[in-house]
Amino acid sequence: MEQKSCVIIGAGLSGLTAGYFLTQNGWQVTVLDKGRGVGGRMASRSFAGARFDHGAQYFSIKSLDFQNFIEQLSGKRLLRKWNVRSDGYPRFALEGGMNGLPKRIAETLDVRTGQKVSGLQNEEETCTIITETGQRYAAHHVLLTLPVPQALALFSGQLLLSESDQAALSGIRYDPCWTVMATLTQPSRIPPPGGLVLETGPVAWLADNQQKEISERPSVTIHASADFSRQHLEDDPETVQKILLGAVATWVLPATVQMTQVHRWRYSHAAQRHPAPFLRLDLPVSALIGGDAFGIGNVEGAFLSGKAMAEALLALPSE
Ligand SMILES: Cc1cc2nc3c(=O)[nH]c(=O)nc-3n(C[C@H](O)[C@H](O)[C@H](O)COP(=O)(O)OP(=O)(O)OC[C@H]3O[C@@H](n4cnc5c(N)ncnc54)[C@H](O)[C@@H]3O)c2cc1C
């Protein structure tokens, strides 16, 4: 029997999870990502001797599926309880930074980075995935796990979405998020355990990466609120940085700020989502779209969406 093949667009947690379960079941899987590395919004970076999580900060584990998956991959070693919210559910961070989980999954897969997908074509029974550099990948099935507005841009010409798929996808909305990372000459004044939710003002979240135990050097990550990020989305990063650092001066003394970097996330949290964990597109080729904008959202939702997409393909009758 011919080995079933799938190309997954997006090496964030949802795409990698789907790839993991398909590969475990004997499928031939290729994961394409436009980035230099894997993980998408589960992003960590280092500079000036400090380490930062600058995308997702922590995650919940409410489902047994997610718990089993992480324990199976890392034997619990990767997980750190980080109780920065008191709503009854523990929150977890990852040793060395949030990017560690996607990296660990990617080790088991054929992942091609630096591959920005620019279009899709239907050829007989296969789907051809075309990259900006002109490379072509053919597969029986395609999974789209990139943010939905970016996925919509891939459909043109011969392969157009149906009206009902358009309607289902056009309701999905993401919040933007400006992020400032700063190294400090002294520890911050953020109280233990090192994560602070701010209800008002331009900053929504402030994290001490040293208390979080991912950075040896004192360093903080600042996330602007969705409203502030939306209003200032096209502003100059320097101006945004100044406002955000000014807003946290009680906990991050201005005189202690040493080096900074700024990142603009156009898509951070999926604020309006599709209720199901994925959508099967009404196309002449087999294509599913998923990610954190489908189902419960966030890191755990991205995992559950990826797993559900893999299960849907695995349940298809043999060809
Ligand atoms: C600032 C910020 C803070 C957050 N905080 C939290 C938190 O504390 N807790 C929590 O649970 N969640 C948090 N989240 C949300 C969480 O990070 C996401 O829900 C989750 O990581 C999404 O995973 P995904 O696989 O659906 O998408 P992504 O991680 O976005 O993966 C999509 C991938 O597609 C790739 N891609 C895009 N276009 C193309 C293309 N044309 N060709 C090829 N590849 C492409 C991208 O490079 C990316 O790697 C936060 C997100 C941000 C940005």
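Values reported hereafter were calculated over all heavy atoms of this structure, with side chains retained and with hydrogens, waters and symmetry mates removed. Along the sequence shown, the residues carry numbers beginning at 1.
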| Which class fits the ring pair His141 and Trp27: parallel under 30°, tilted 30 to 60°, perpendicular over 60°? | tilted

| task | Please assess Ser44 against Ile214 for the test side chain to side chain contact (heavy atoms under 4.5 Å, CB included), listing each intermediate value before the final yes or no. | result | CA-CA 10 Å; Ser44 312; Ile214 65 163; 5.8 Å; no

| field | Nearest-0.5 Å distance, NE2 of residue His223 to CG of residue Asp53 | value | 8.5 Å

| said: Working to the nearest 0.5 angstrom, can you tell me the gap between Glu163 CD and Ser170 OG? | reply: 11.0 Å

| said: Could you check whether Glu300 pairs with Lys62 (Lys NZ or Arg NE/NH1/NH2 to Asp/Glu carboxylate O, under 4.0 Å)? | reply: no

| Pair Lys307 + Glu311, salt bridge at N-O below 4.0 Å | yes

| said: Could you walk me through whether Leu233 and Arg266 satisfy the side chain to side chain contact (heavy atoms under 4.5 Å, CB included) test, starting with their C-alpha distance in whole Å, then the side-chain angles of each, then the deciding distance to 0.1 Å, before giving a yes or no? | reply: CA-CA 8 Å; Leu233 196 58; Arg266 287 192 184 273; 3.6 Å; yes

| said: Before you tell me yes or no, could you show the steps for Cys6 and Leu313 under side chain to side chain contact (heavy atoms under 4.5 Å, CB included), namely the whole-Å CA-CA distance, both residues' side-chain angles and the distance that decides it to 0.1 Å? | reply: CA-CA 9 Å; Cys6 179; Leu313 293 191; 4.0 Å; yes

| task | Would you indicate whether the side-chain heavy atoms of Pro284 and Leu159 approach each other to under 4.5 Å? | result | yes

| task | Identify the two heavy atoms, one from Asp292 and one from Ser268, that lie closest to each other, and give their separation to 0.1 Å. | result | OD2-O, 3.9 Å

| request: Given side-chain hydrogen bond (donor to acceptor under 3.5 Å, both in side chains), test Gln135 with Arg112 step by step and report yes or no. | output: CA-CA 11 Å; Gln135 267 168 286; Arg112 321 264 174 105; over 6 Å; no

| task | Taking the side chain as every heavy atom from C-beta outward, state whether Asp110 and Thr23 have any pair of such atoms under 4.5 Å apart. | result | no

| So does Glu123 have more than 12 non-hydrogen atoms from other groups sitting under 6.0 Å from CD? | yes

| task | Given side chain to side chain contact (heavy atoms under 4.5 Å, CB included), test Leu101 with Leu16 step by step and report yes or no. | result | CA-CA 10 Å; Leu101 179 63; Leu16 292 171; over 6 Å; no

| request: Enter the distance from Lys116:NZ to Glu132:CD here, rounded to the nearest 0.5 Å. | output: 4.5 Å

| Taking atom CZ of Phe294 and atom CD1 of Ile289, what is their separation to the nearest 0.5 Å? | 4.5 Å

| field | Mutual orientation of the aromatic rings belonging to Phe69 and Tyr20 [parallel < 30°, tilted 30-60°, perpendicular > 60°] | value | perpendicular

| query | Is any side-chain heavy atom of Ile9 closer than 4.5 Å to a side-chain heavy atom of Gln115? | reply | no

| said: If we ignore hydrogens and angles and just use 3.5 Å, is the side chain of Asn99 paired with the main-chain N or O of Met42 as donor and acceptor? | reply: yes

| task | Compare every heavy atom of Arg51 with every heavy atom of Ser46, then report the nearest pair and how far apart it is. | result | OG-NH1, 2.8 Å

| said: Parallel, tilted or perpendicular, judged at 30° and 60°: which one describes the rings of Phe66 and Phe59? | reply: tilted

| Any side-chain donor near an acceptor of the partner, Gln57 and Arg91, under 3.5 Å | no

| query | Quick one: do Ile130 and Leu146 end up in the same hydrophobic cluster if we chain Ile, Leu, Val, Met, Phe, Trp and Tyr together by side-chain heavy atoms under 4.5 Å apart? | reply | no

| task | Compare all side-chain heavy atoms of Leu143 with those of Leu22 and state whether any distance is below 4.5 angstrom. | result | yes

| Listed by chain and number, what are the side chain to side chain donor-acceptor pair (under 3.5 Å) partners of Arg217, not counting sequence neighbours? | Gln258

| field | Closest heavy-atom pair and its distance - Ile296, Gly301 | value | CG1-CA, 3.5 Å

| message | For the backbone of Ser14 and the side chain of Ser305, can you confirm whether one donor and one acceptor N or O come within less than 3.5 Å of each other? | response | no

| message | Working to the nearest 0.5 angstrom, can you tell me the gap between Ile172 CD1 and Leu152 CG? | response | 8.0 Å

| Ala310 versus Ala18, closest heavy-atom pair with distance | CB-O, 3.7 Å

| remark: Grouping ILVMFWY residues whenever side-chain heavy atoms fall under 4.5 Å, the cluster of Phe228 otherwise contains Trp178, Val180, Leu184, Ile190, Leu196, Leu198, Val203, Leu206, Val220, Ile222, Val240, Ile243, Leu244, Leu245, Val248, Trp251, Val252, Val257, Val262

| said: Using every non-hydrogen atom in the two residues, find where Ala312 and Phe278 come nearest and quote the distance to one decimal. | reply: CB-CZ, 3.5 Å

| query | Who else is in Met181's hydrophobic cluster (ILVMFWY, side-chain heavy atoms under 4.5 Å, direct or via others)? | reply | Phe47, Phe52, Met259

| query | So, Tyr267 side chain and Val148 main chain: donor-acceptor pair closer than 3.5 Å or not? | reply | no

| With a 4.5 Å heavy-atom cut-off, do Thr30 and Ile129 have their side chains touching? | no

| request: Check whether any side-chain heavy atom of His140 sits under 4.5 Å from a side-chain heavy atom of Gln28, and report yes or no. | output: no

| Residues, nucleotides or ligands: over 12 heavy atoms within 6.0 Å of Arg230 CZ | yes

| query | Considering only heavy atoms from C-beta outward, does the side chain of Thr145 approach that of Thr17 to under 4.5 Å? | reply | no

| Nearest 0.5 Å, what's the CG-CG distance between Leu281 and Leu288? | 7.5 Å

| task | Kindly give the heavy-atom pair with the smallest separation between Ala168 and Leu279, and that separation in Å. | result | CB-CD2, 4.1 Å

| query | With a 4.5 Å heavy-atom cut-off, do Val84 and Trp205 have their side chains touching? | reply | yes

| query | Does a donor on one side chain and an acceptor on the other come within less than 3.5 Å for Gln241 and Thr260? | reply | yes

